[in-house]
Amino acid sequence: MQLIYEKSVPGRRGVKLPASDVPVASALPATLLRTEPAGLAEVSELDLVRHFTNLSRRNFSVDTNFYPLGSCTMKYNAKVLENAAALFAPFHPMTALLPGGAELCQGTLGMLYDLGRMLADITGMDEVTPQPLAGAHGELTGIMLVSAYHAARGNSGKKKYVVVPDSSHGTNPASAAMAGYEIVTIPTAPYGDMDLELFKAAMSDEVAAVMMTCPNTLGLFNPHIKEICDIAHSHDALMYYDGANLNAIMGKVRPGDVGFDVVHVNLHKTFGTPHGGGGPGSGPVGVKKALIPFLPQPRIVRDDNGTLLLQTDNKGTVGRMANFFGNFGVMAKAYAYIIMLGREGLIRASEQAVLNANYIKERLKPYYDLPYKMTCMHECVFSASRQLEHGVHAIDIAKFLIDRGYHPPTVYFPMIVKEAIMIEPTETESKATMDAFIETMIEAAKAAENNPQALHDAPLTMPVSRLDETKAAREQNVCCIG
Ligand SMILES: *Cc1c(COP(=O)(O)O)cnc(C)c1O
C-alpha cells in the first residue's frame, strides 16, 4: 500500500478554503511562526477517503469480529451511546468553572453528579470522583487518597508498603510505587487465589493498603475476601478494589459491602465505551466516607436547595487529577448505558458474562489444560502446556486464530500461568459466535498434534506475518506496514 505522501501531486487539493480576510495579528513571537508550508500530502478528497478507508479496513475491532481478550473487557458498545454523548457537545468544559458558570450548567453537572451516585450505588461506596482518565490513573488517585488518609492521621511515616497478589494487573504495583510505596507481592496458592497464610504473614501495621482484583485475573472470585478485608483493617490498612472489569459482579456483590474502602471502575471496559486503541478512557474512583475529605477537586456537591455547586476550597484534597471533570464524553456514555440497562439489565449483563465464560471453559476443557478448575467469573484461563509437548506455544495458537478472523485472547498473562491463554467472551456475544470460536480452538488443538508447522507458519492472511514485537513496540513505524 502506498503512503499518502507518495500519492501527493503538487497543487492537488481536497478542499478549497476561502482566502482569509482577517488580518494576521499574532501574539506568537516571530521565531515560532512557520516560514514554510507544513509539507502535507497534496491529494484529492477521493484519494484521501480511499487512503483512510483502506487503512481502517486493516483495523481489527469488535465491530468487525469476535474479540475475546481476557482481563481487558472488549465488548460491543451500543452506538446509540455515542448519540447520548453528542447531546453534551455544545457544553464547553470551562463554563462550569467560570464565576457563576455552575448555574448555567445544572444539567451537565447533574449528569456527572447522578453518574457518581449510580456508580457509588453499584460499588457500595459513599462518593465517587469522576476525574481519573483511565484505570491506572484511578489506581494512582486511589492510592494517593490512601496516602492522604494515613498522613492526616499522623501515620505517614509508619506506612511503607502496599500488598498485591502476584496475579494482579501490572498497573497495581506500578501505581502504588508511583504513589511512593514499596510493593509486597503475595504468591497465588494452588487453588487459584492469593495464598491466605502468606498474606497473613506479610501483614503488619506498616502496610498502607492491600490492592485486590476480585474476581482476580484468573477469573476467580476469592472466597476469603471478607476475611482478607478484616485482617487488613485490623492493621489499619485500607482495602483497594481494582474494578476494571465490573461486568463480573455488577448487581451481585458490592465491593463496599465486603469491606473495600476505595475502588476504581473502568467506564471504558464495563460501561459503554469501547476499550483499546489508546483511549480515551475514564477510571472514576469511589471511596468510603473516611476518604471523602481527600477527594480531588472541584467536587460537585448539592446545596440545601438542590442546586449543584463546585466545591474548590477543601484543604485536605489530593488536588486536581485531570483537566475539567475528566473525560466527559466517556462519562456521558456510561450514564446513558446505566440508564438504558437499568438495575435488571446490569444484573443480566453480569450473569451473561459469567455464563458465557463458563460455557467456553467447559467446552474447551477437554482440549486445553485448565490449571485452576473452579467455576470462573467473567473470564477463564487455559494453558497451552499440552500443545507445548508438540512444540506449539500459546503465541502460535494466537496467530492461527488471526487467520480465522478472531482477535487472539490475551496470551502470557497472568504470568503465573505457563503458556496462558485467557479468554473473555463478554456478555454481548451469542452462543453461535462462541460455538464457532470453540470449534476453531479445537481445530488449533488438533493441528498442534497433527500439523504443528501450520501453527508456526500462521498468520498467512495478514499484510505482515510475525513481527519482532519488542522492536515494533520500541521503534513504532506504522506507516511502513504493507
Ligand atoms: C485494564 C485493567 C487495568 C488498567 O486500566 P487502564 O484503563 O488500561 O489503565 C487495571 N486492572 C485490570 C484488572 C484491568 O483489566
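Numbers here simply count residues along the sequence, with the first being 1. The figures that follow rest on heavy atoms only: side chains count, while hydrogens, waters and symmetry mates do not.
When each of P68, S71, P409 is checked for a side-chain contact (heavy atoms from CB on, under 4.5 Å) with M422, only S71 meets the rule.
Taking the side chain as every heavy atom from C-beta outward, V253 and V258 approach each other to under 4.5 Å. Inter-residue side-chain proximity for M211 and I143 is flagged as met; some heavy-atom pair is nearer than 4.5 Å. Counting heavy atoms from C-beta on, the side chains of I338 and L119 come closer than 4.5 Å. In this structure, the side chains of I339 and Y335 come closer than 4.5 Å at one or more pairs of heavy atoms. Residues Y113 and V301 fail the side-chain proximity criterion, which asks for heavy atoms closer than 4.5 Å.
In summary, K75 and E427 engage in a salt bridge, as defined by a charged side-chain N under 4.0 Å from a carboxylate O. A salt bridge links K160 with E206; the closest basic N to acidic carboxylate O contact falls under 4.0 Å. Salt-bridge annotation for E82 and K79: absent, with no side-chain N of the basic residue lying under 4.0 Å from a carboxylate O of the acidic one. Salt-bridge annotation for R153 and D236: present, with a side-chain N of the basic residue lying under 4.0 Å from a carboxylate O of the acidic one. Looking at D230 and K226, a side-chain N of the basic residue comes within less than 4.0 Å of a carboxylate O on the acidic one, giving a salt bridge.
Listed by chain and number, the residues in a salt bridge (charged side-chain N to carboxylate O under 4.0 Å, His left out) with K159 amount to none (sequence neighbours excluded). Applying the side-chain contact (heavy atoms from CB on, under 4.5 Å) test to N59 and every residue at least two apart in sequence or in another chain returns nothing. Listed by chain and residue number, S167, S168, M194, M212 satisfy the side-chain contact (heavy atoms from CB on, under 4.5 Å) test with P165 (two or more places apart in sequence, or in another chain).
Sorted by first then second residue, the ring-ring contact (aromatic ring centres under 6.0 Å, His included) pairs that include residues 63-84, not counting sequence neighbours, are F60-Y67, F66-F437, Y67-H407. Within the structure, the salt bridge (charged side-chain N to carboxylate O under 4.0 Å, His left out) test picks out the following pairs touching residues 294-303 (sequence neighbours left out): E127-R299.
Taking the six-membered ring wherever Trp is involved, the centroid distance between the rings of F88 and F328 falls below 6.0 Å.
Looking at N172 and D242, their side chains do bring a donor and an acceptor atom within 3.5 Å of each other. Checked by atom type, the side-chain pair S56/T53 shows no donor-acceptor distance below 3.5 Å. Side-chain N/O atoms of N216 and D193 include a donor and acceptor closer than 3.5 Å. N245 and T73 form a side-chain donor-acceptor contact under 3.5 Å, judged by distance and modelled atom types alone. E424 and N247 are linked by a side-chain donor-acceptor pair at a separation below 3.5 angstrom, with hydrogens and angles left out of the test. Between the side chains of D205 and H235, at least one donor N or O lies within less than 3.5 Å of an accepting N or O. No side-chain donor from either of Q297 and T317 sits under 3.5 Å from a side-chain acceptor of the other. No hydrogens or angles considered: a donor-acceptor pair under 3.5 Å links the side chains of D261 and H233. Side chains of H264 and Y240: a donor-acceptor N/O pair is present below 3.5 angstrom, by distance only.
For the pair R254 and I122, the tightest heavy-atom approach, listed with the atom from each and the gap, is CG-O, 3.6 Å. In this structure, A41 and Y5 approach most closely via the heavy-atom pair N-CE2, 3.5 Å.
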Could you pull out every donor-acceptor pair under 3.5 Å between side chains of residues 103-110 and any protein atom, sequence neighbours left out?
residue, atom, partner, partner atom, Å
Q106, OE1, L308, N, 2.9
Q106, NE2, A102, O, 3.0
Q106, NE2, L308, O, 3.0

